[in-house]
Novice: 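Dropping a structure here in structure tokens format, bear with me for questions.
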Amino acid sequence: MPLDRYLIDHCSPTLANLKTANLFSCRYSSREQLAAQVQGWHRALESKGVCLRLLRAKNGCALIYVYRPLRLATDLRKPGVAEFLAGCGYRSLSPEDALERLSQRLCTQDSFPHEIGLFLSYPLGDVQGFIQHGGAHYKCSGCWKVYCNECETAKLFAKYQKCRGVYWRLFSGGRSVLQLTVAA
């Protein structure tokens, strides 16, 4: 599937500036071609405040992170986040440094490091709840498993789902990813 379809399918809330970031995986046959596509989309969307980053490419499967750096910087400054990430080996919370550390952890671990949720707009309480309960005993689930603020988060999930539907309809009708990306 071309990257524009992945962006619409997996990243509409970030493109619409409703969410800090989204992550998707895709298959690739040439790492060089994939890197060129990611860099091309990065250049195209950067003026709108959206960046793309290849976090991991392994065995023909890539993880691509689509994010808004200014929102990520704000998320990383939320109460408790610095302490939590320090416990995971993060020495700096600048978005670039933190993403480099996340990428290192993704490339050296078989499973996803749980702190990845903080890079995807998940509340700290939900990340901690997931770790504490091993992914069980959650109040509801959608984009992530919810342990705190169930009603508020369920509304947010509905908003993200509606956004995805609207973006698919507009994209299918001929609008481009660039046209659908809200400037920061």
Side-chain angles (χ1 to χ4, degrees), residues 1 3 5-7 9-15 19-39 41-42 45 50-149 153 156-157 160:
M1 179 173 3
L3 280 188
R5 293 183 175 277
Y6 280 100
L7 290 168
D9 194 37
H10 298 284
C11 306
S12 296
T14 298
L15 299 177
K19 192 171 185 288
T20 297
N22 287 99
L23 178 71
F24 65 89
S25 63
C26 66
R27 307 284 313 155
Y28 67 91
S29 54
S30 164
R31 184 176 173 146
E32 292 76 23
Q33 284 180 338
L34 175 69
Q37 285 184 53
V38 169
Q39 186 59 33
W41 278 108
H42 175 82
L45 297 174
V50 175
C51 294
L52 275 75
R53 183 179 178 126
L54 182 60
L55 287 179
R56 182 179 75 188
K58 184 177 174 182
N59 301 326
C61 187
L63 283 176
I64 300 172
Y65 182 68
V66 179
Y67 68 106
R68 292 187 174 264
L70 295 176
R71 286 183 69 141
L72 179 59
T74 299
D75 286 356
L76 294 175
R77 288 191 303 268
K78 287 182 178 176
V81 170
E83 295 81 7
F84 181 85
L85 289 176
C88 300
Y90 289 77
R91 289 188 173 89
S92 168
L93 291 184
S94 78
E96 192 60 36
D97 291 344
L99 285 170
E100 185 59 35
R101 174 68 178 145
L102 178 63
S103 182
Q104 288 171 351
R105 287 177 54 82
L106 282 163
C107 291
T108 59
Q109 293 182 206
D110 289 331
S111 61
F112 268 39
H114 295 304
E115 76 270 11
I116 199 166
L118 298 173
F119 292 84
L120 297 168
S121 305
Y122 302 2
L124 178 60
D126 289 340
V127 172
Q128 291 171 322
F130 183 88
I131 294 167
Q132 180 182 355
H133 298 287
H137 310 297
Y138 50 89
K139 295 179 180 180
C140 73
S141 68
C143 300
W144 64 86
K145 291 183 178 178
V146 178
Y147 294 86
C148 308
N149 301 320
T153 307
L156 194 58
F157 290 165
Y160 293 161

Novice: Which heavy atom of Cys107 sits nearest to which heavy atom of Arg56, and what is that distance?
Specialist: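 What the structure gives for the nearest pair is SG-CG, 3.8 Å.
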Novice: Distance alone, cut at 3.5 Å: any donor-acceptor contact between the side chains of Tyr147 and Gln132?
Specialist: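 No - no donor-acceptor pair under 3.5 Å links their side chains.
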Novice: So if I apply the side chain to side chain contact (heavy atoms under 4.5 Å, CB included) rule between Arg71 and each of Val50, Thr20, Thr14, Leu76, which one comes out positive?
Specialist: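 Looking at Val50, Thr20, Thr14, Leu76, the match for Arg71 under the side chain to side chain contact (heavy atoms under 4.5 Å, CB included) is Thr20.
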Novice: Answer yes or no: is there a side-chain heavy-atom contact under 4.5 Å between Leu70 and Pro95?
Specialist: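 Not touching, per the 4.5 Å side-chain cut-off.
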Novice: How long is the gap from CD on Gln128 to OH on Tyr122, to the nearest 0.5 Å?
Specialist: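 Gln128 atom CD to Tyr122 atom OH measures 15.5 Å (nearest 0.5 Å).
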Novice: Return the minimal non-hydrogen interatomic distance between Cys26 and Leu34, and the atom names on each side.
Specialist: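 In this case the closest contact between Cys26 and Leu34 is SG-CD1, 4.1 Å.
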Novice: Between CG of Asp97 and CG of Leu93, what distance do you get to the nearest 0.5 Å?
Specialist: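 With rounding to 0.5 Å, CG (Asp97) is 9.0 Å from CG (Leu93).
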Novice: For the backbone of Leu99 and the side chain of Ser103, can you confirm whether one donor and one acceptor N or O come within less than 3.5 Å of each other?
Specialist: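 No, the answer is negative, given that no donor and acceptor are paired below the 3.5 Å cut-off.
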Novice: I would like to know whether Ile131 and Val127 meet side-chain contact (heavy atoms from CB on, under 4.5 Å); could you show each step before the answer?
Specialist: CA-CA 6 Å; Ile131 294 167; Val127 172; 4.1 Å; yes
Novice: Determine, for Glu100 against Arg53, whether the closest basic-nitrogen to carboxylate-oxygen distance falls under 4.0 angstrom.
Specialist: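 Looking at Arg53 together with Glu100, the answer is yes, because their closest N to O distance falls below 4.0 Å.
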Novice: Compare every heavy atom of Arg27 with every heavy atom of Asn59, then report the nearest pair and how far apart it is.
Specialist: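 Heavy-atom minimum between the residues: O-NH2, 3.5 Å.
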Novice: Can you tell me how far the CD1 atom of Ile64 sits from the CG atom of Leu23, to the nearest 0.5 Å?
Specialist: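 Reported value, rounded in 0.5 Å steps: 9.0 Å.
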Novice: Show your working on side-chain contact (heavy atoms from CB on, under 4.5 Å) between Arg105 and Tyr90 and close with a plain yes or no.
Specialist: CA-CA 10 Å; Arg105 287 177 54 82; Tyr90 289 77; 4.1 Å; yes
Novice: Measuring from Leu63:CG to Leu106:CG, what's the distance to the nearest 0.5 Å?
Specialist: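 Atom-to-atom, Leu63:CG and Leu106:CG are 6.0 Å apart.
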Novice: Please check: side-chain N/O of Lys19 versus main-chain N/O of Leu120, any donor-acceptor pairing under 3.5 Å?
Specialist: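 Yes: the side chain of Lys19 pairs with the backbone of Leu120.
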Novice: Which class fits the ring pair Tyr65 and Tyr67: parallel under 30°, tilted 30 to 60°, perpendicular over 60°?
Specialist: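 Parallel, since the angle between the ring planes stays under 30°.
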Novice: Does Phe130 form a side-chain contact (heavy atoms from CB on, under 4.5 Å) with Asp126? I'd like the steps, not just the answer.
Specialist: CA-CA 6 Å; Phe130 183 88; Asp126 289 340; over 6 Å; no
Novice: Check whether Arg101 reaches the backbone of Cys88 with its side chain - one donor and one acceptor, N or O, closer than 3.5 Å.
Specialist: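 Yes: the side chain of Arg101 pairs with the backbone of Cys88.
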Novice: Rounded to the nearest 0.5 Å, what separates atom NZ in Lys139 from atom OG in Ser141?
Specialist: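 Interatomic distance, Lys139 NZ to Ser141 OG, rounded to 0.5 Å: 14.0 Å.
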Novice: Can you list the steps and then say if Val66 with Leu45 is a side-chain contact (heavy atoms from CB on, under 4.5 Å)?
Specialist: CA-CA 10 Å; Val66 179; Leu45 297 174; 5.5 Å; no
Novice: Taking the ring centre of each residue, are Tyr138 and Trp144 less than 6.0 Å apart?
Specialist: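 No, the ring centres sit 6.0 Å or more apart.
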Novice: Could you check Leu72, Asn22, Asp75 and say which one makes a side chain to side chain contact (heavy atoms under 4.5 Å, CB included) with Ser121?
Specialist: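 With Ser121 as partner, Leu72, Asn22, Asp75 yield a single side chain to side chain contact (heavy atoms under 4.5 Å, CB included), made by Asp75.
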Novice: Look up atom CD in Gln33 and atom OH in Tyr28, then write down how far apart they are to the nearest 0.5 Å.
Specialist: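 Atom-to-atom, Gln33:CD and Tyr28:OH are 12.0 Å apart.
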Novice: Contact between Phe24 and Cys11 at the side-chain level, heavy atoms closer than 4.5 Å - yes or no?
Specialist: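 With C-beta onward as the side chain, the pair touches.
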Novice: Take atom NE2 of His133 as the centre, draw a 6.0 Å sphere, and report whether it contains more than 12 heavy atoms from other residues, nucleotides or ligands.
Specialist: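 Atom NE2 in His133 is packed in, count exceeds 12.
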